[in-house]
Amino acid sequence: MANPRTYASRRHNILEALATALKTIDGSGAFLSNVGDNVHPRMKFWDEVEEFPAIHLNAGAETRQYQAGGYKDRFLAVTIRCYVQDEEDATEALNVLMEDIETVIEENSRLEYADSQNNTFSTQQITIVSINTDEGVLEPLGVGEIDIEVRY
């Protein structure tokens with residue numbers, strides 16, 4: 001095992017692990033949506049999305065909170081953008097997808113990820129900060145955002 005880099009940001013690694021976790025939304029068990037492999041650790045706008053439903057992630061600001069003994073808590077803001085297309089009720093399809101995403105986040109609050117040297121770490125907590133939707137303005141498309149904070 002390589003020595004972990006103590007001061008490195010792990011933004012990309014966390015997004016990759018989160019994308020992998022979200023790919024488990026497959027319509028089985030507790031999940032009502034099926035995203036297949038249509039989850040990406042980078043942002044796309046709705047006019048660029050060709051397959052639905054789709055989930056795209058974007059890492060935002062990252063902050064540090066300095067503790068005693070040289071320990072740092074890191075906080076990473078992540079936007080999860082959700083896209084659906086449904087001729088009957090895109091608003092309902094979007095709500096179902098966002099509920100599935102919330103289930104994945106709750107089940108993976110201590111998400112495992114690897115750094116660039118393949119050292120394994122876990123997030124301390126993933127918190128949902130806000131949930132927003134287009135409220136049906138783009139029917140038959142639906143666009144929603146879930147803002148989360150990843151503490152690691």
Side-chain angles (χ1 to χ4, degrees), residues 4-67 71-85 90-138 141-152:
R5 294 177 57 190
T6 307
Y7 301 107
S9 170
R10 300 196 176 90
R11 301 163 60 89
H12 175 74
N13 311 84
I14 290 171
L15 284 185
E16 288 285 340
L18 191 54
T20 298
L22 290 168
K23 287 179 183 179
T24 64
I25 299 174
D26 62 1
S28 68
F31 297 121
L32 301 176
S33 305
N34 184 356
V35 295
D37 284 335
N38 206 7
V39 179
H40 306 280
R42 67 176 194 86
M43 191 61 72
K44 273 191 180 179
F45 293 100
W46 66 270
D47 60 337
E48 299 174 295
V49 177
E50 296 175 359
E51 294 181 45
F52 299 91
I55 301 172
H56 294 266
L57 308 171
N58 183 53
E62 186 171 351
T63 59
R64 306 278 193 275
Q65 191 175 69
Y66 295 90
Q67 308 291 344
Y71 181 77
K72 295 179 198 73
D73 282 323
R74 295 168 172 91
F75 298 88
L76 174 63
V78 176
T79 299
I80 303 171
R81 189 165 292 152
C82 315
Y83 303 96
V84 298
Q85 182 173 19
T91 301
E92 179 60 23
L94 182 60
N95 286 334
V96 167
L97 177 59
M98 293 176 89
E99 288 173 9
D100 287 344
I101 291 169
E102 188 169 357
T103 298
V104 170
I105 290 169
E106 294 297 325
E107 291 176 352
N108 290 280
S109 185
R110 298 216 16 110
L111 182 69
E112 282 196 4
Y113 63 94
D115 69 4
S116 57
Q117 296 174 328
N118 287 325
N119 296 299
T120 302
F121 299 93
S122 293
T123 61
Q124 294 177 29
Q125 181 177 344
I126 300 176
T127 305
I128 295 175
V129 176
S130 67
I131 299 174
N132 296 297
T133 71
D134 67 344
E135 298 300 330
V137 172
L138 298 173
L141 300 174
V143 179
E145 286 186 349
I146 300 174
D147 292 319
I148 63 173
E149 180 182 72
V150 179
R151 181 180 186 170
Y152 70 99

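Only this structure's heavy atoms are used, side chains among them; waters, hydrogens and symmetry mates stay out. Numbers here simply count residues along the sequence, with the first being 1.
Pairing each heavy atom of F121 with each of D115, the nearest pair is CE1-OD2, 3.4 Å. Closest approach of L76 to A59, counting heavy atoms only: CD1-CB, 4.1 Å. Shown here for L97 and S33, the closest heavy-atom pair between the two residues is CA-OG, 3.3 Å.
Checked by atom type and distance alone, the side chain of D100 pairs as donor or acceptor with a backbone atom of L32 at under 3.5 Å. Looking at S109, its side chain does come within 3.5 Å of a backbone N or O of I126 through a donor-acceptor pair. N108 contributes a side-chain N or O that, together with a main-chain N or O of V104, makes up a donor-acceptor pair within less than 3.5 Å. Between the side chain of T133 and the main chain of G144, no donor-acceptor pair closer than 3.5 Å is present. The backbone N or O of E145 sits nowhere less than 3.5 Å from a side-chain atom of N132 that would complete a donor-acceptor pair. Panel note: side chain T127, backbone V129; no donor-acceptor pair is recorded below 3.5 Å.
H56 is linked by a ring pair (Phe, Tyr, Trp, His ring centres under 6.0 Å) to H40, Y83, counting only residues two or more places apart in sequence or in another chain.
Remark: M43 CE to I80 CD1 distance equals 9.5 Å, nearest 0.5 Å. Between the CG atom of N38 and the CD atom of E50 there is a distance of 10.0 Å, given to the nearest 0.5 Å. Here the straight-line distance linking atom CG of L57 with atom CZ of R11 works out to 12.5 Å at 0.5 Å rounding. Rounding to the nearest 0.5 Å places CD1 of I55 at 10.0 Å from CE of M98. For the atom pair CD1 of I146 and CZ of R81, the computed distance is 12.0 Å after rounding to the nearest 0.5 Å.
Cation-pi geometry between R10 and Y152 is not met: the NZ or CZ atom fails to fall both under 6.0 Å from the ring centre and inside 45° of the normal.
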| message | Run the side-chain contact (heavy atoms from CB on, under 4.5 Å) test on D134 and L141 for me, step by step, so that the C-alpha distance in whole Å, both residues' side-chain angles and the decisive distance to 0.1 Å come before the verdict. | response | CA-CA 9 Å; D134 67 344; L141 300 174; 5.7 Å; no
| query | Could you walk me through whether Q67 and Q65 pass the side-chain contact (heavy atoms from CB on, under 4.5 Å) check? | reply | CA-CA 6 Å; Q67 308 291 344; Q65 191 175 69; 3.1 Å; yes
| Pair T103-I25, side-chain contact (heavy atoms from CB on, under 4.5 Å): steps then yes or no | CA-CA 9 Å; T103 298; I25 299 174; over 6 Å; no
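Donor-acceptor pairing under 3.5 Å is lacking for the side chains of T79 and N58.
Contact check for L94 versus C82: side-chain heavy atoms found under the 4.5 Å cut-off. Looking at heavy atoms from C-beta onward, D73 lies in side-chain contact with R151 at the 4.5 angstrom threshold.
Each salt bridge (charged side-chain N to carboxylate O under 4.0 Å, His left out) pair with one or both residues in residues 32-48, not counting sequence neighbours, would appear here, but there are none.
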Side-chain donor-acceptor distances from residues 12-24 under 3.5 Å, at least two apart:
from: N13; atom 1: ND2; to: A114; atom 2: O; distance (Å): 2.8
from: T20; atom 1: OG1; to: E16; atom 2: O; distance (Å): 3.0
from: T24; atom 1: OG1; to: A21; atom 2: O; distance (Å): 2.6

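For Q124, the CD atom sits in a packed shell: over 12 heavy atoms of surrounding residues, nucleotides or ligands are nearer than 6.0 Å. Within 6.0 Å of atom OH in Y71, more than 12 heavy atoms from other residues, nucleotides or ligands are found, so the atom counts as buried in its surroundings.
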